[in-house]
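Notes to accompany the following structure.
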Amino acid sequence: MLSKLEEISLIAKCVAADDRRAFGRLVEEYSPGLRRFVFNLTMGNASLTDDIAQETFIKAYGAIRSFKGASRFSTWLYAIACREYANALRRRSELPMEESLVYTTADSANDAHLAEMRHDIQVGLRALSPAERTLIVLFYLEDKPIKDIMRITNMPEGTIKSYLSRAKTKMAKALSDRNI
Amino acid sequence: MNEIIHSKEYEEITDDKLRNLFHTGALQAPPSPWFTQNVLHRLPDRKRRVASFIEYALYIIGIIATVIYTTIYVINTLKSSVVTVNDVITYTILVALFVSLCYMVIAPFVRRDIQKA
């Protein structure tokens with residue numbers, strides 16, 4: 001993991017010298033987490049995930065001069081990713097997003113349990129609106145504190161908490177209904 | 001029976017349960033070994049920096065001016081057929097100026113090549 005100093009040094013190289021190798025290093029560092037985040041938002045749509053994640057990094061590079069360093073670079077990236085996800089939803093509003101459940105084959109009891117958990121997550125996430133889904137994934141999967149989520153989503157604290165609470169209830173209901 | 005227990009588990013969903021569920025069972029994006037390369041290929045072309053362009057233009061103008069002045073100075077010296085100490089000092093300054101300006105133009109490219117190597 002990059003230290004804050006290394007991160008700033010790489011960003012400075014990008015800003016001052018248009019250093020693409022430095023930016024490549026930032027992409028390598030942050031792409032696994034960002035792709036996982038987007039992959040969960042898109043309910044396992046791999047091609048859409050790569051589109052959104054790539055677009056996020058390209059937009060980040062274009063706007064890197066506007067990064068003031070008030071938050072971590074990853075927080076700033078997640079904010080761009082959320083906007084790109086919203087744009088993707090808007091673009092696809094005429095054609096509904098493919099939100100088919102991803103079933104995985106289970107080779108052992110352990111795998112079966114994992115597959116069941118994955119399925120539960122997908123069922124739960126499907127019951128949510130895109131905004132709720134974004135908040136749930138940021139809070140429970142990415143472990144982002146509310147302060148960072150406020151920066152990422154540009155929502156006030158109270159709204160985030162009420163969305164999270166509502167989303168949790170919806171997920172619980174969806175998962176309970178599924179098992180009846 | 002198992003399903004009933006499972007169902008009840010979710011009726012009382014807590015932050016810890018949900019966090020644990022996500023941490024253990026969240027979808028993992030399939031590996032994409034070419035992701036970084038794809039991003040770098042899609043970046044916009046490098047913009048020619050105006051400041052850098054002006055800097056190089058000034059160096060080139062400086063080199064041309066030095067060469068012209070030196071040539072005129074050499075012609076005048078040859079015409080007078082006498083070389084004074086002043087002439088030697090002027091030649092030394094002109095040569096030093098020429099070498100410095102050339103160094104300023106070439107050095108960044110040499111440094112970049114060394115870094116790449």
Side-chain angles (χ1 to χ4, degrees), chain A residues 17-18 20-21 23-28 31-40 42-44 46 49-50 53-58 60-62 102 104 113-122 124-125 136-137 139-143 164 167-169 171-180, chain B residues 1-56 104-117:
Chain A
D18 195 9
R20 290 169 185 223
R21 272 211 303 200
F23 189 68
R25 180 83 183 81
L26 287 169
V27 175
E28 268 168 22
S31 61
L34 191 87
R35 286 181 70 243
R36 183 186 62 177
F37 167 62
V38 179
F39 195 63
N40 279 278
T42 60
M43 311 288 301
T49 297
D50 275 353
Q54 282 187 21
E55 208 55 45
T56 299
F57 282 109
I58 290 164
Y61 192 77
V102 178
T104 43
H113 182 60
L114 191 66
E116 194 185 354
M117 283 177 110
R118 284 194 173 150
H119 190 246
D120 284 352
I121 290 173
Q122 287 190 283
L125 288 177
I136 284 280
V137 174
F139 192 68
Y140 291 107
L141 175 64
E142 301 299 329
D143 283 332
L164 280 174
K168 223 163 64 176
T169 314
M171 279 187 86
K173 190 176 180 307
L175 290 166
S176 303
D177 288 351
R178 177 182 86 94
N179 291 308
I180 288 168
Chain B
M1 182 64 189
N2 209 8
E3 284 200 340
I4 293 166
I5 294 167
H6 195 65
S7 165
K8 280 192 173 172
E9 240 176 55
Y10 285 119
E11 276 171 15
E12 296 158 18
I13 203 158
T14 62
D15 280 356
D16 287 341
K17 266 187 197 171
L18 211 49
R19 190 160 279 127
N20 183 44
L21 179 71
F22 272 102
H23 281 205
T24 321
L27 294 170
Q28 297 297 324
S32 176
W34 300 106
F35 183 82
T36 305
Q37 290 305 316
N38 289 340
V39 170
L40 294 181
H41 282 306
R42 285 187 58 199
L43 290 180
D45 290 338
R46 283 171 198 269
K47 281 180 194 161
R48 220 186 177 146
R49 286 182 300 155
V50 181
S52 156
F53 180 77
I54 292 169
E55 186 187 342
Y56 279 105
M104 299 296 257
V105 172
I106 296 165
F109 295 103
V110 174
R111 222 176 290 139
R112 201 178 301 161
D113 283 347
I114 290 168
Q115 270 178 355
K116 273 183 190 171

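On a predicted model such as this, the values are computed, not experimentally measured, just so you know. Sequence lines set the chain letters: A, B, ... in the order given, protein chains first and strands last, and positions in each chain run from 1.
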For the interface with chain B, which of Asn40(A), Thr49(A), Val137(A) has the highest count of heavy-atom pairs at distances below 4.5 Å? Asn40(A)
Minimum heavy-atom distance Ser32(B)-Asp50(A), with the two atoms named: OG-OD2, 3.8 Å
Which one of Pro44(B), Ala29(B), Pro30(B) has the most heavy-atom pairs closer than 4.5 Å to chain A? Ala29(B)
In terms of heavy-atom contacts, Leu141(A) and His23(B) come closest through O-NE2, 3.5 Å
What distance do Arg25(A) atom CZ and Thr36(B) atom OG1 have between them, rounded to the nearest 0.5 Å? 10.5 Å
Parallel, tilted or perpendicular, judged at 30° and 60°: which one describes the rings of Tyr140(A) and Phe22(B)? parallel
dist Thr24(B):OG1 -> Asp120(A):CG (nearest 0.5 Å) comes out at 11.5 Å
Nearest 0.5 Å, what's the CZ-CG distance between Arg20(A) and Leu40(B)? 8.0 Å
Is there a side-chain contact between Met43(A) and Leu27(B) (heavy atoms, below 4.5 Å)? no
Rounded at 0.5 Å granularity, tell me how far CD in Gln54(A) sits from CG in Leu43(B). 10.0 Å
Under 4.5 Å from a heavy atom of chain B, the part of Phe139(A) involved: both
When the 4.5 angstrom heavy-atom criterion is applied to Leu125(A) and chain B, the contacting part is side chain
Report the C-alpha separation of Gln28(B) and Arg118(A) in whole Å, then their side-chain angles, then the decisive distance to 0.1 Å, and conclude whether the side chain to side chain contact (heavy atoms under 4.5 Å, CB included) test is met. CA-CA 10 Å; Gln28(B) 297 297 324; Arg118(A) 284 194 173 150; 3.8 Å; yes
How many angstroms lie between atom CG of Leu21(B) and atom CG of Leu175(A), to the nearest 0.5 angstrom? 7.5 Å
Would the distance check show the side chain of Arg19(B) and the main-chain N or O of Asp143(A) forming a donor-acceptor pair, the cut-off being under 3.5 Å? no
